[in-house]
Number of protein chains: 2
Amino acid sequence: MQIKLILAGYGNVGKEFVKLIHEKASCIQKEYGLELLLAGIIGRDVKLYRPEGLYTDTLLALGDGSAALHRYIEQHPVYNENMEGHVLIESTPTNIESGEPGKQYILQAIENGMDIVSISKGALVTSWKEISEAARVANVSIRYSGATAAALPTLDIGQFSLAGCKIKRIEGILNGTTNYILTKMYEDNTSYEEALQQAQSKGIAETNPVLDVSGMDSACKLLLLSNSLLHTEYTLEDMSMKGIENVSKQDIQKAKKQGKQIKLLARASTDDDGKVQLEVQPSAVDLNHSLAGVTGTEKGITFYTDTMGSVTSIGGASNPRGAAAAALKDVINLYRKDRI
Amino acid sequence: MQIKLILAGYGNVGKEFVKLIHEKASCIQKEYGLELLLAGIIGRDVKLYRPEGLYTDTLLALGDGSAALHRYIEQHPVYNENMEGHVLIESTPTNIESGEPGKQYILQAIENGMDIVSISKGALVTSWKEISEAARVANVSIRYSGATAAALPTLDIGQFSLAGCKIKRIEGILNGTTNYILTKMYEDNTSYEEALQQAQSKGIAETNPVLDVSGMDSACKLLLLSNSLLHTEYTLEDMSMKGIENVSKQDIQKAKKQGKQIKLLARASTDDDGKVQLEVQPSAVDLNHSLAGVTGTEKGITFYTDTMGSVTSIGGASNPRGAAAAALKDVINLYRKDRI
């Protein structure tokens, strides 16, 4: 079965996705019965489209970003007609204000009957209700492992490995940058500022780290998981959120003396009235907590269930290739022909 | 969609499975669009069959095992005709010598076009090649989460969460009893014999613990995972296996002094010639090893991949209800009508 892919966004993750398709096409054909064909790319200011498939080997040799897309056009003709495909891979920069440009790409693709695999969080965070309703009406699927901790299985475990369970609580360390900073503060007794600076010098934290350290990135991931797995229709406004900016050396040391570590925990729990509460905040966890061993840039998540006890997953490469691999996994699971 | 289930084996896990179907039927209908109907049970010396569904509430009130099945017949008529259903739930006692009686039930069910969800390991361990080939020819599915560490996601992660990855190595602590014994020896500085006795007095180890402590239970689970995820066609004879019977206090203490713990690791790795090697043996692991935090009766598994880094899952209830829930999950994932 041939599956035509349209990719929106050709940044680091988008390019890694193209690389993966290029490298793994024949394995995927053999193992899953799927011929993946990259038919189009929507860049920042240019579009490439060829219904029979783009020349990925050419493209990958032409450098990064929009410039590479422009260079491609100089070598190969592209078509100006409307892009048609089975699935949109949404990999534009995350914009949690408006969700654009991802949102328009997603809604248009749904209208055209395409499934959605999203790596970026913006559109799903700002407009989950609208998008999921549109998908329901059009009878298409949305998967977004890449947006919910990428190579760490989170959505999968909730939907697939825990099928038939009631998920009573979710706790996660969903952001690698803040976990790196807190780990440094714990292990080396450094201040928040020093640890942040180290993270920045290693390229772990961005120059403007606010999305990470404020807890916003974790909050977005938790929100997406809750809306799918706990059937909420929440927005960021329904979430209580506190970042790590004010965690002091003293806080860390005090916790350490009590045999605890401070982690930025994202937590979804159900109160006595059955209402789901979402919060992200620095929390002191015992050393035998299921996520206490999640150190450095690692991430982890624990699901507490009615029949399967607690199930934790930890790890997954925290890099563009890991995020791209998560999107590829979603594509395969949408269409695979092997019997599992 | 109505799914007719035939259950083979009415021991602890089989009965928990019936309880789960009874408790969760309406949730499952609502969430997954599946009407699960228990149409038949094959007991040790008696069969119950009613194409319109057995009366599970009656059955559950009648005690345990074969005796309960006999009592059921006194209250409700059953049919003597051939059992028909969509899926066989194989929950007979594990027999790693011949695989019987599970094997005949499985092969018969496959011949009748039924899918298989297996909780017991015997038939799959002894006769994987024969059974998987029969399933391929009949175009039916086999799932067996319940046989590969039950509520701990293992098969799922390899097949679903890591779709598109190359799995380079698998390491697991796949047996709770031996992990409990080794944890006791590490934490309380007890001998193997003392720790085993404690495990037996708590009902964690069986009176005859040989299947666990010899490494055989772990070996069976590793074999099943390898045959599915690494595409081997191995039997137990292709496996190197060493149990924990000869692990001494001194071994544990020596490892502890080096900052290590001894764990019964089940490992599948690929050698330089691309050949998969399977082994189960007590191994000293660093305290920062991904499975070092797996203590007591817990289980865990780590997959090392090409594109997603390493992914670990830990936990899952180690009891009959957890094993039954794993089988229920498999049934749901075979037939679910919701779009994920």
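Proteins come first, then strands; the chains are lettered A, B, ... in the order of their sequence lines, and each starts at number 1. Quick caveat: nothing in here was measured; it's all calculated off a predicted structure. Computed over heavy atoms, backbone and side chain alike; hydrogens, waters and symmetry mates excluded.
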Pair A:Asp306 + B:Arg321, salt bridge at N-O below 4.0 Å: no

Which residue out of [options] racks up the most heavy-atom pairs below 4.5 Å with chain A?
options: B:Ala326, B:Gly322, B:Gly316; value: B:Gly316
options: B:Gly309, B:Ser145, B:Gly300, B:Ser228; value: B:Gly309
options: B:Val140, B:Asn319, B:Ile28, B:Leu20; value: B:Val140

Measuring from atom [atom1] of [X] to atom [atom2] of [Y], what distance do you get when rounded to the nearest 0.5 angstrom?
X: B:Leu152; Y: A:Ser310; atom1: CG; atom2: OG; result: 10.5 Å
X: B:Lys24; Y: A:Cys165; atom1: NZ; atom2: SG; result: 6.0 Å
X: A:Ser313; Y: B:Phe303; atom1: OG; atom2: CZ; result: 11.5 Å
X: B:Gln159; Y: A:Ile332; atom1: CD; atom2: CD1; result: 13.0 Å
X: B:Thr307; Y: A:Leu328; atom1: OG1; atom2: CG; result: 7.5 Å
X: A:Glu31; Y: B:His231; atom1: CD; atom2: NE2; result: 4.0 Å

Contact class of [X] relative to chain A, heavy atoms under 4.5 angstrom:
X: B:Arg136; result: neither
X: B:Leu334; result: side chain
X: B:Arg143; result: side chain
X: B:Asn139; result: both

Is it true that a side-chain atom of B:Tyr32 and a backbone atom of A:Gly164 form a donor plus acceptor pair closer than 3.5 Å? yes

Donor-acceptor contact present, side-chain B:Asn333 to main-chain A:Ala163, <3.5 Å: no

Give a yes or no on whether A:Asn112 atom CG has more than 12 heavy-atom contacts from other residues, nucleotides or ligands under 6.0 Å away. yes

For B:Pro153 and A:Ser161 the tightest heavy-atom approach is CB-OG, 3.6 Å

Between A:Ala151 and B:Val311 the two heavy atoms that sit nearest each other are O-CG2, 3.8 Å

For chain B, which candidate among A:Gly315, A:Ala325, A:Ala135 shows the most heavy-atom pairs at distances under 4.5 Å? A:Ala325

Look at A:Met308, A:Glu16, A:Lys166 and state which one has the largest set of heavy-atom pairs under 4.5 Å with chain B. A:Met308

Does any non-hydrogen side-chain atom of A:Ile157 lie less than 4.5 Å from one of B:Ile157? yes

